[in-house]
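Notes follow once the structure below has been shown.
Since the structure is predicted, the reported quantities are computational estimates derived from the model, not experimental observations.
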Amino acid sequence: MPSRPDATSGGLKIKNVAHRYGDVTALGPVDLDVEPGAFLVLVGASGCGKSTLLRLIAGFEEPTAGEVEVAGTSPTPGVTSGVVFQQPRLFPWRTVGGNVDLALKYAGVPRERRAERRDQLLERVGLEGTGDRKIWEISGGQQQRVAIARALAAETPLFLLDEPFAALDALTRERLQEDVRQVSAETGRTTVFVTHSADEAAFLGSRIVVLTRRPGQVALDLPVDLPRSGIDPEDLRRSDEYTRLRAEVGRAVKAAAA
């Protein structure tokens with residue numbers, strides 16, 4: 001397995017990237033230079049190529065043209081990024097802790113350190129004391145928290161999330177948004193989050209990129225100047241600045257999809 005880059009040692013470079021599926025151009029060209037520690041949100045209508053771009057960043061696919069670089073190297077699944085999908089994709093025959101233990105094993109954490117590290121990860125995502133529970137004994141929101149803990153098991157430079165809260169109820173979604181925002185800040189990892197929601201983009205992002213309809217290209221690249229710490233999440237959601245940002249992103253998404 002390739003050597004693992006340091007978790008905070010570099011950002012993300014997307015250089016003239018395009019991608020095709022057969023005769024269909026799904027994405028590009030796209031150029032982005034993402035600084036280390038940023039929380040980049042990719043937002044756009046369904047079919048605009050945002051999940052395709054995330055797969056290229058993760059290294060699940062190679063771009064048809066251009067280059068993706070993570071912390072100075074080519075992306076490698078499990079080495080340069082941890083990924084959370086729309087569905088938790090947990091192993092139902094394993095316990096909550098067993099799912100995290102397996103991720104720690106593949107991350108190269110020595111056996112004697114796994115229990116301590118597992119408990120730290122479960123506590124970080126608000127699941128302390130649940131390690132022995134079966135997957136079917138916990139809620140959908142809790143299962144997605146396990147998926148987040150699993151993605152954090154390896155100290156990779158990137159933390160990638162592909163519409164991870166789309167299937168959850170509104171209250172659970174807001175709570176997990178707050179958790180992911182905090183976890184990203186605590187770990188210092190560069191985060192890329194895919195969504196179709198202007199509201200989610202405005203709350204999470206330190207930078208928001210809106211993609212056009214297929215083939216997805218950058219329609220808006222917006223730095224976000226909202227406070228990311230020291231403010232109650234509900235106060236942030238009620239602020240005039242947040243309301244204006246959400247409206248600006250919403251207008252951009254609609255225009256890009258036209």
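- No continuous path of ILVMFWY side-chain contacts below 4.5 Å connects Leu27 to Tyr21, so the two sit in separate hydrophobic clusters.
- Proximity of a side-chain donor or acceptor of Arg189 to a complementary backbone N or O of Phe159 within less than 3.5 Å is not detected.
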_side-chain contact (heavy atoms from CB on, under 4.5 Å) evaluation trace for Lys134 with Arg94_ = CA-CA 7 Å; Lys134 304 295 185 182; Arg94 285 181 171 267; over 6 Å; no

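- Considering only heavy atoms from C-beta on, Arg173 stays 4.5 Å or farther from Glu178 through its side chain.
- When Glu116, Glu123, Arg118 are each tested for a side chain to side chain contact (heavy atoms under 4.5 Å, CB included) with Gln120, only one passes: Glu116.
- In summary, the side chains of Gln217 and Thr212 do not present any donor paired with an acceptor at a separation below 3.5 Å, with no hydrogens or angles considered.
- Leu211 is not listed as a side-chain neighbour of Val43, based on a closest heavy-atom distance of 4.5 Å or more.
- Because its NZ or CZ atom is both nearer than 6.0 Å to the ring centre of Phe203 and within 45° of the ring axis, Arg237 counts as a cation-pi partner of that residue.
- Here the side chain of Thr130 pairs a donor or acceptor atom with the backbone of Leu127 at under 3.5 angstrom.
- Among all heavy-atom pairs drawn from Ile57 and Val70, the shortest one is O-CG2, 4.2 Å.
- A donor-acceptor contact shorter than 3.5 Å is absent between the side chain of Gln144 and the backbone of Gly141.
- Listed by chain and residue number, nothing satisfies the salt bridge (Lys or Arg N to Asp or Glu O under 4.0 Å) test with Glu112 (two or more places apart in sequence, or in another chain).
- By the 4.5 Å heavy-atom criterion applied to side chains, Thr195 and Val41 are counted as neighbours.
- In this structure, Thr190 contributes its side chain and Gly37 its backbone to a donor-acceptor pair below 3.5 Å.
- Using a cutoff of 4.0 Å between basic side-chain nitrogens and carboxylate oxygens, Arg246 and Glu241 are not scored as salt-bridged.
- Under the 3.5 Å distance criterion, the side-chain polar atoms of Thr95 are matched with a main-chain donor or acceptor of Gly131.
- Side-chain atoms of Asp162 and Ser51 form a donor-acceptor pair, as typed in the model, at a separation below 3.5 Å.
- Cluster membership check: Trp93 shares its hydrophobic cluster with Leu102, using side-chain heavy-atom separations under 4.5 Å among Ile, Leu, Val, Met, Phe, Trp and Tyr.
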*From CA spacing to verdict: side-chain contact (heavy atoms from CB on, under 4.5 Å), Leu12, Leu32*: CA-CA 8 Å; Leu12 166 67; Leu32 292 171; over 6 Å; no

*Starting from the C-alpha separation in whole Å, work towards a yes-or-no answer on side-chain hydrogen bond (donor to acceptor under 3.5 Å, both in side chains) for Arg20 and Thr25.*
CA-CA 4 Å; Arg20 296 175 61 86; Thr25 301; 2.5 Å; yes

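- Heavy-atom neighbours of Asp33 CG from other residues, nucleotides or ligands within 6.0 Å: above the threshold of 12.
- A side-chain N or O of Tyr242 and one of Asp199 form a donor-acceptor pair less than 3.5 Å apart.
- Residues Lys15 and Asp31 are not paired through a salt bridge, judged by the lack of any N-O separation under 4.0 Å between the basic side chain and the carboxylate.
- The backbone N or O of Leu104 lies less than 3.5 Å from no partner atom in the side chain of Arg114, so there is not a single donor-acceptor pair.
- Counting heavy atoms from C-beta outward, Leu160 and Val84 have side chains that stay 4.5 Å or more apart.
- Atom CZ of Arg214 sits in a sparse spot, with 12 or fewer heavy atoms from other residues, nucleotides or ligands closer than 6.0 Å.
- Heavy-atom neighbours of Glu69 CD from other residues, nucleotides or ligands within 6.0 Å: above the threshold of 12.
- Using a distance-only test at 3.5 Å, with no hydrogens or angles considered, no donor-acceptor pair links the side chain of Asp179 to the main chain of Val125.
- No more than 12 heavy-atom neighbours from other residues, nucleotides or ligands sit within 6.0 angstrom of CZ on Arg113.
- The main-chain N or O of Thr191 is never found under 3.5 Å from a side-chain atom of Ser184 such that the two would form a donor-acceptor pair.
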_Could you go through Asp240 and Thr243, starting from their C-alpha distance and side-chain angles, then the distance that decides it, and tell me whether this counts as side-chain hydrogen bond (donor to acceptor under 3.5 Å, both in side chains)?_
CA-CA 5 Å; Asp240 292 340; Thr243 300; 5.3 Å; no

*Mind running side-chain contact (heavy atoms from CB on, under 4.5 Å) on Leu152 and Val183 for me, showing each step along the way?*
CA-CA 9 Å; Leu152 293 172; Val183 164; 3.4 Å; yes

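- Checked by atom type and distance alone, the side chain of Ser197 pairs as donor or acceptor with a backbone atom of Glu200 at under 3.5 Å.
- Other residues, nucleotides and ligands contribute more than 12 heavy atoms inside 6.0 Å of the CG atom of Asp232.
- Remark: the Arg55 side chain and the Thr52 side chain contain an N/O donor-acceptor pair separated by less than 3.5 Å.
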_Verdict with reasoning, Thr156 to Val79, per side-chain contact (heavy atoms from CB on, under 4.5 Å)_ = CA-CA 6 Å; Thr156 57; Val79 175; 5.9 Å; no

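- Checked for salt-bridge contact, Glu186 and Arg124 meet the test: a charged N lies under 4.0 Å from a carboxylate O.
- Between Lys13 and Glu67 no salt bridge is recorded (no basic side-chain N to carboxylate O distance below 4.0 Å).
- Remark: the backbone N or O of Gly97 is not paired with any side-chain donor or acceptor of Arg133 at under 3.5 angstrom.
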